[in-house]
2 protein chains.
Amino acid sequence: MGRLDNNLKIGNEKHFATELITMNEVLKTIGGKWKLKLILALTHGDKRFNELKTFVIGISPRALSKELKELERDGLVKRLVYDEPVLLVNYQLTEIAWKLNGVIRELTSWCAWYKEAFLESQPNDWSHEVM
Amino acid sequence: MGRLDNNLKIGNEKHFATELITMNEVLKTIGGKWKLKLILALTHGDKRFNELKTFVIGISPRALSKELKELERDGLVKRLVYDEPVLLVNYQLTEIAWKLNGVIRELTSWCAWYKEAFLESQPNDWSHEVM
DNA sequence: CGGGATCCTAGATGATACTG
DNA sequence: CAGTATCATCTAGGATCCCG
């Protein structure tokens, strides 16, 4: 197997370098503990700050605020302010965030496989889940 | 929009609760800074410890060791020891890990959309990438 | 209601050196 | 080569209170 530190580089490795960079970009944008969960929540419709806080179990206002800012900065979420009659702020997915549906679908079906293939043979206790 | 704290629950919300749990499970298994990168590296063929350390840029032996143990514990990676003539250890993806290909494919194509749709309009500087 | 400001801790991660 | 051990760091995240 070729190595990066000699002159003989096989195609796979250059390809992998590109993939690695892509993965870094993706993880910076939708990685972390809350981003995908928030996006998932918003696929069920626009939500307000406190709605998100209720739906996404376990998130603190501080974390929610920070995550939403980052998602907005990165173009995944739009912040819509309605000032009449009271202050309401709605968070809404952008087009590009909606395209994460494919990712979410794959993750979900992978998880189903995973539970069937692995967990049943060797109970990994997810029931202690704190969320 | 209904809320979780009253008796009127709409279908979406129960569905969302399930999705949220799924997402938690997924993130526990393949979330974090290194897991997907390691899996990606191994899709290019089995690799030894130090090969992985070279390929997955920036990972320390400590982190690599820990991540590999977790991946093995969770049934995503097999550890193959060859003792002749010198000690060699190969890490190999399991069947269930190979099924993450769909996820990786979706992530990659989403990233391409993302860069086209967002980055070109508003340069988010990924060139400072430390990895 | 939609957050911001503060304080704080646990766990994740890095750097480096070392061992069988 | 395949890791471990140790130490230091860093920071995401929680708890809590506050404010317009």
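Within the structure, a side-chain polar atom (N or O) of A:Tyr91 is placed less than 4.0 Å from OP1 or OP2 of C:dG3. Taking only side-chain nitrogens and oxygens, A:Arg48 never comes nearer than 4.0 Å to OP1 or OP2 of C:dG3. In this model, the phosphate group of D:dG14 is approached by a side-chain N or O of A:Lys33 to a distance below 4.0 Å at OP1 or OP2.
Under the side-chain contact (heavy atoms from CB on, under 4.5 Å) criterion, B:Trp113 pairs with A:Ile96, A:Lys99, B:Ser109, B:Trp110, not counting sequence neighbours. Judged as a side-chain contact (heavy atoms from CB on, under 4.5 Å), and not counting sequence neighbours, the contacts of B:Gln92 are B:Asp46, B:Lys78, B:Leu80. A:Val86 meets the side-chain contact (heavy atoms from CB on, under 4.5 Å) test with A:Leu88; sequence neighbours excluded.
B:Val89 comes within 4.0 angstrom of sugar-phosphate atoms only, judged by non-hydrogen atoms across all strands, and of no base.
Here the P atom of nucleotide C:dT13 and the CD1 atom of B:Ile57 are 18 Å apart, to the nearest Å. Computed from coordinates, the B:Tyr82 OH to D:dG3 P distance equals 13 Å when rounded to whole Å. Counting to the nearest Å, the P atom of C:dG2 and the CG atom of A:Asp46 are 13 Å from each other. Regarding B:Leu87, its CG atom lies at a distance of 18 Å from the P atom of C:dT19, rounded to whole Å. Atom CG of A:Leu68 and atom C1' of C:dG2 are 11 Å apart (whole Å). What separates CZ of A:Phe55 from P of C:dG2 is a distance of 13 Å, to the nearest Å. B:Asp83 has its CG atom 17 Å from the P atom of C:dG20, to the nearest Å. Rounded to whole Å, the distance from CD1 on A:Ile59 to P on D:dT16 is 17 Å.
Every pair passing salt bridge (charged side-chain N to carboxylate O under 4.0 Å, His left out) that includes a residue from residues 55-69 of chain A is listed here, sequence neighbours excluded: A:Lys35-A:Glu67, A:Lys66-A:Glu70.
When each of A:Asn90, A:Leu68, A:Val89 is paired with A:Arg79, the side chain to side chain contact (heavy atoms under 4.5 Å, CB included) condition holds for A:Val89 and for no other.
Taking the screw axis at each terminus of the helix from C:dC1-D:dG20 to C:dG20-D:dC1 from five consecutive base pairs, the angle between the two is 50° to within rounding of 10 degrees.
Proximity of a side-chain donor or acceptor of B:Thr22 to a complementary backbone N or O of B:Thr18 within less than 3.5 Å is detected. No donor-acceptor distance shorter than 3.5 angstrom exists from the side chain of A:Tyr114 to the backbone of B:Val26, with no hydrogens or angles considered. Using a distance-only test at 3.5 Å, with no hydrogens or angles considered, a donor-acceptor pair links the side chain of A:Thr108 to the main chain of A:Ile104.
The side chain of B:Ala63 sits closest to C:dG14 out of C:dG2, C:dG14, D:dA2. Here the side chain of B:Glu67 is nearest to one of D:dC1, C:dT13, D:dG3, namely C:dT13. Counting only heavy atoms from C-beta on, B:Ser60 has its side chain closest to C:dG14 among D:dG3, D:dC1, C:dG14.
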Grab the N/O contacts between the protein and nucleotides 4-7 of chain C below 3.5 Å, and write none if there aren't any.
unit_1, atom_1, unit_2, atom_2, d
C:dG4, OP1, A:Lys69, NZ, 2.9
C:dG4, OP2, A:Ser65, OG, 2.4
C:dG4, OP2, A:Lys69, NZ, 3.1
C:dT6, O4, A:Arg62, NH1, 3.2

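The minimum heavy-atom distance linking B:Ala41 with B:Leu52 is given by the pair CB-CD2, 4.0 Å.
Counting non-hydrogen atoms of other residues, nucleotides and ligands closer than 6.0 Å to CD of B:Glu72 gives a total above 12.
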